[in-house]
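What follows is a single structure, written as C-alpha cells, with notes after it.
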Amino acid sequence: MNNHQAPDFEDSKLLLAEDSTVATPAIARQAAARMAAYTRGKFVAFAPHVAQELLERPQWVSVPGAAYYAYGLLRWQARWVPFVHLESLLRAYPAINTSTAPQYALILAYQTAPGQPLQYGAIAVDSIPHSVLASDADFCPLPDDSDMWATLALSCFRHQGQAVPILDSAKIFSEYHG
C-alpha cells in the first residue's frame, strides 16, 4: 500500500457498491510488519526485511555539526552508521537527551536505488520491536501530528486504535531533513 496511490488488490476480487465509486477487496491481504516505539505510546513500523538487529544500551559518538535529530554515529559490525532520534526528526526540534542513552537502537537496512549495495542506519527505540500483521483493511490516513510523515512514510495502518506509519528507511537516512 502506498498512501499516495490506491492500494493494489491484484489477487483480490473487487466489489463495487451501487452508490460508491470506491472498490473494496472481498479478501484483504495481510503482511507482516515490525512495530517499534519511537517515544512513549507512539509507534512506527518497517518491513520485516529492513529491521536487521536490535542493540541494547547503544553507545554512540557525537559528531560536531550533525543534524539536530542525530545522536551521532553508532559502531555496528565494523562500520559506523548514523544514529537518529526519530521523535526529534518528526517534531522538527531537538528532543534528544544525550545525557541518557536510549534503551535500544534498531539497525535498519536501506538502498538508495535498486541494485545499489545495502546501507545501514539506526533509530532509537523505547522497547523491543514486535511483529504484527497488517491487512489492506487496516489502511488509514497518516497521523496529522507531523509534517514529516508524508516525506518518510510509505503507508499507514491502524493497530489497536492507533495509526502506525510504515516508514521508508532510505528516506530517513539518505537525505538531510533540516
Side-chain angles (χ1 to χ4, degrees), residues 3 31-112 117-134 138 140 142-178:
N3 63 328
R34 299 284 185 266
M35 265 181 55
Y38 64 91
T39 192
R40 181 179 218 123
K42 298 284 188 167
F43 296 88
V44 292
F46 297 93
H49 67 277
V50 171
Q52 299 293 298
E53 188 173 343
L54 185 68
L55 304 177
E56 190 172 7
R57 291 188 282 287
Q59 302 294 311
W60 70 92
V61 175
S62 296
V63 177
Y68 66 90
Y69 52 86
Y71 283 99
L73 295 172
L74 184 68
R75 188 80 170 155
W76 179 71
Q77 293 191 357
R79 69 185 83 190
W80 291 99
V81 298
F83 186 28
V84 170
H85 186 254
L86 197 53
E87 182 182 19
S88 291
L89 174 57
L90 292 168
R91 303 293 171 244
Y93 67 86
I96 298 173
N97 179 358
T98 55
S99 65
T100 308
Q103 185 68 28
Y104 301 99
L106 179 61
I107 305 293
L108 302 171
Y110 67 95
Q111 286 179 298
T112 55
L118 286 177
Q119 296 183 51
Y120 303 91
I123 62 166
V125 294
D126 286 349
S127 59
I128 296 173
H130 59 281
S131 295
V132 296
L133 286 176
D138 298 323
C140 70
L142 291 168
D144 59 6
D145 60 351
S146 174
D147 292 339
M148 292 302 297
W149 290 127
T151 302
L152 301 176
L154 298 166
S155 189
C156 191
F157 65 95
R158 189 156 304 284
H159 179 75
Q160 296 180 347
Q162 180 181 354
V164 179
I166 303 169
L167 300 188
D168 181 341
S169 54
K171 291 180 181 178
I172 296 170
F173 301 109
S174 65
E175 59 187 71
Y176 174 70
H177 301 287

Rounded distance [0.5 Å steps], [atom1] in [X] versus [atom2] in [Y]:
X      : Y      : atom1 : atom2 : answer
Tyr110 : Gln52  : OH    : CD    : 12.5 Å
Met148 : Leu86  : CE    : CG    : 9.5 Å
Arg91  : Asp147 : CZ    : CG    : 10.5 Å
Trp60  : Trp80  : CH2   : CH2   : 12.5 Å
Ser174 : Gln111 : OG    : CD    : 11.5 Å

Is any side-chain heavy atom of [X] closer than 4.5 Å to a side-chain heavy atom of [Y]?
X      : Y      : value
Val50  : Leu167 : no
Leu106 : Pro129 : yes
Met35  : Phe157 : yes
Phe173 : Gln119 : no
Leu90  : Trp149 : yes
Tyr38  : Ile123 : no
Glu87  : Lys42  : no
His130 : Val132 : yes

| query | Under 6.0 Å from the CD atom of Gln162, do we count more than 12 heavy atoms belonging to anything else shown? | reply | yes
| message | Are there over 12 heavy-atom neighbours, none belonging to Arg57, within less than 6.0 Å of that residue's CZ? | response | no
| request: For Tyr104, check side-chain hydrogen bond (donor to acceptor under 3.5 Å, both in side chains) against everything at least two apart and list the hits. | output: none
Where [X] and [Y] come nearest, the two heavy atoms and their spacing:
X      : Y      : value
Ser127 : Ala37  : OG-CB, 3.8 Å
Pro58  : Ala101 : O-CB, 4.0 Å
Cys156 : Leu142 : CB-CD2, 3.7 Å
Ser169 : Ala109 : OG-O, 2.7 Å

| Where do Leu152 and Leu89 land on the side-chain contact (heavy atoms from CB on, under 4.5 Å) test, with the steps shown first? | CA-CA 10 Å; Leu152 301 176; Leu89 174 57; 3.7 Å; yes
Does any N or O in the side chain of [X] come within less than 3.5 Å of the main-chain N or O of [Y], such that one atom is a donor and the other an acceptor?
X      : Y      : answer
Arg34  : His49  : no
Ser62  : Gly72  : no
Asp168 : Leu154 : no

| task | Applying side-chain contact (heavy atoms from CB on, under 4.5 Å), run through Leu74 and Ile107 and close with a yes or a no. | result | CA-CA 10 Å; Leu74 184 68; Ile107 305 293; 4.0 Å; yes
| request: Decide side-chain contact (heavy atoms from CB on, under 4.5 Å) for Phe43 and His159; before the verdict, give the C-alpha distance in whole Å, the side-chain angles of both, and the deciding distance to 0.1 Å. | output: CA-CA 10 Å; Phe43 296 88; His159 179 75; over 6 Å; no
| field | Parallel, tilted or perpendicular: ring planes of Tyr69 versus His177, cut at 30 and 60 degrees | value | tilted
